Amino acid sequence: PDGSDRFGPRRHTRLGGHRPAYWRLPSATGLAPLYDPPPVDGLPDEDVLAAVGVRADLRVPDTATAADLLARLADPARTPDVALAAEAYAELADAVADGRVDPVDLELPERVRAMDGTVADVDVAMVLDRPWLAAVLPAGELATGGDPAALADLLDLPLASDVVVAEVEGEGRSVRWAELAEIVVTCHTLDVPVPDGDLTVHDELWVRLRRPGSGRFRVPAWRDASGRWHASDPVHALLGVIAEEIIGADSSG
């Protein structure tokens, strides 16, 4: 083949009145909460369906596909679990970061899929960019997946770290990360280096939230405004450190 009709099947084929990418392969059952198989009797071989563009995954090659996926995520009649929604948002964020999708070309839905599985109005929703902030924010107002900055840009939502203002209560005691056995074991298990410096350990860790609301919350770990880590559960703090490194690497990349 000379490739002259390379895009022809995808561009012109219609299944059930829609372009092939509207549907999923029958075998792609992991996508079932977001996509349906083509409603066509006597479906052709899946290789043929895939060749004309029926989706086997969540890849977002262009703006039209992004708009369709965003609408599905915002549809309360659909029931993707947290993992699938996060994977979908990660793919959308990657599409923005890679230049496949320009957010200014999208007409955004008024709702987004939140971490508790519900849909949240964009007036209250925010993108979770620091995992420990989830301890003081309603899961029904948080979206997550992929590079948080790219996702916030795509959804036109604030980052949680730009919204939350909270203060740690109590002094705690300073302990070197390397002196905590559970940290050393966890780092060796995950094959990551033990963090340098100290962690402030509390018997009970409480933070007082001043924005977006007010209240007092017991949390397992927290990074204060100066960048210092506090924890009643040091492994939770370690996971926060690792998450920050991953987010930083994604943002710089």
Side-chain angles (χ1 to χ4, degrees), residues 19 21-22 31 33-35 55 57-76 78 80-166 209-213 222-223 225 227 239-253:
R19 294 179 64 183
Y22 184 87
L31 303 182
L34 289 174
Y35 294 93
R55 61 175 54 251
D57 54 37
L58 289 168
R59 179 166 171 76
V60 175
D62 52 39
T63 300
T65 306
D68 178 58
L69 181 51
L70 284 169
R72 292 168 187 269
L73 288 163
D75 182 356
R78 295 192 177 272
D81 60 23
V82 177
L84 181 59
E87 184 183 352
Y89 278 133
E91 174 56 34
L92 287 160
D94 286 346
V96 171
D98 294 346
R100 285 176 269 144
V101 173
D102 187 339
V104 301
D105 296 331
L106 288 168
E107 184 175 344
L108 297 173
E110 292 299 310
R111 292 177 293 191
V112 297
R113 185 69 56 166
M115 287 178 56
D116 66 350
T118 65
V119 291
D121 190 276
V122 294
D123 289 339
V124 299
M126 64 193 84
V127 172
L128 182 65
D129 58 326
R130 300 292 183 256
W132 59 94
L133 300 180
V136 300
L137 294 170
E141 297 178 2
L142 298 173
T144 188
D147 176 10
L151 184 60
D153 186 26
L154 170 68
L155 299 178
D156 193 21
L157 293 177
L159 294 169
S161 62
D162 291 335
V163 174
V164 171
V165 175
L209 186 67
R210 294 197 285 117
R211 198 178 71 190
W222 194 264
R223 196 193 70 171
L239 295 177
V241 171
I242 294 171
E244 278 196 298
E245 292 175 351
I246 293 172
I247 292 169
D250 287 345
S251 299
S252 63

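The figures that follow rest on heavy atoms only: side chains count, while hydrogens, waters and symmetry mates do not. Keep in mind that what you see is a predicted model, and the values were worked out from it rather than measured.
Side-chain contact of T65 with D68: a donor-acceptor pair under 3.5 Å is absent, judged by distance alone.
Taking CG of L157 as the start and CG of D162 as the end, the distance is 12.0 Å to the nearest 0.5 Å. The CG atom of D121 lies 10.0 Å from the CD atom of E141; values are rounded to the nearest 0.5 Å. The CG atom of D147 sits 11.0 Å away from the CG atom of L154 when rounded to the nearest 0.5 Å. With rounding to the nearest 0.5 Å, the separation of CD in E87 from CG in L31 is 7.5 Å. Expressed to the nearest 0.5 Å, how far CE of M115 lies from OH of Y89 amounts to 12.5 Å. Atom CG of L70 sits about 6.0 Å away from atom CG of L106, to the nearest 0.5 Å.
V119 approaches L73 most closely through the heavy-atom pair CG1-O, 3.7 Å. Shown here for L159 and P148, the closest heavy-atom pair between the two residues is CD2-O, 3.6 Å. Summarising the geometry of L155 relative to A143, their closest heavy-atom pair is CD1-CB, 4.4 Å, with the distance given to 0.1 Å. Scanning both residues, R111 and A74, for their nearest heavy atoms gives O-CB, 3.2 Å. Across every non-hydrogen atom of A120 and G140, the tightest pair is CB-O, 3.1 Å. Annotation for A66 and V101: closest pair CB-CG2, 3.9 Å, computed over non-hydrogen atoms.
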* To do: Go through the steps for D57 and R59 under the test salt bridge (charged side-chain N to carboxylate O under 4.0 Å, His left out), then give the verdict.
  => CA-CA 6 Å; D57 54 37; R59 179 166 171 76; over 6 Å; no
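At a threshold of 4.5 Å between non-hydrogen side-chain atoms, the residues P103 and V96 count as touching. Annotation: side chain of D94 is in contact with side chain of R100 (closest heavy-atom distance under 4.5 Å). Contact check for V164 versus L137: side-chain heavy atoms found under the 4.5 Å cut-off. Taking the side chain as every heavy atom from C-beta outward, L58 and Y35 approach each other to under 4.5 Å. Considering only heavy atoms from C-beta on, L142 stays 4.5 Å or farther from L133 through its side chain.
Residue-environment remark: CG (D102) exceeds the threshold of 12 foreign heavy atoms within 6.0 Å.
Here the options are D129, V163, V127, the test is side-chain contact (heavy atoms from CB on, under 4.5 Å), and the partner is P158; only V163 passes.
Checked by atom type and distance alone, the side chain of R72 pairs as donor or acceptor with a backbone atom of L34 at under 3.5 Å.
Applying the salt bridge (Lys or Arg N to Asp or Glu O under 4.0 Å) test to R55 and every residue at least two apart in sequence or in another chain returns nothing.
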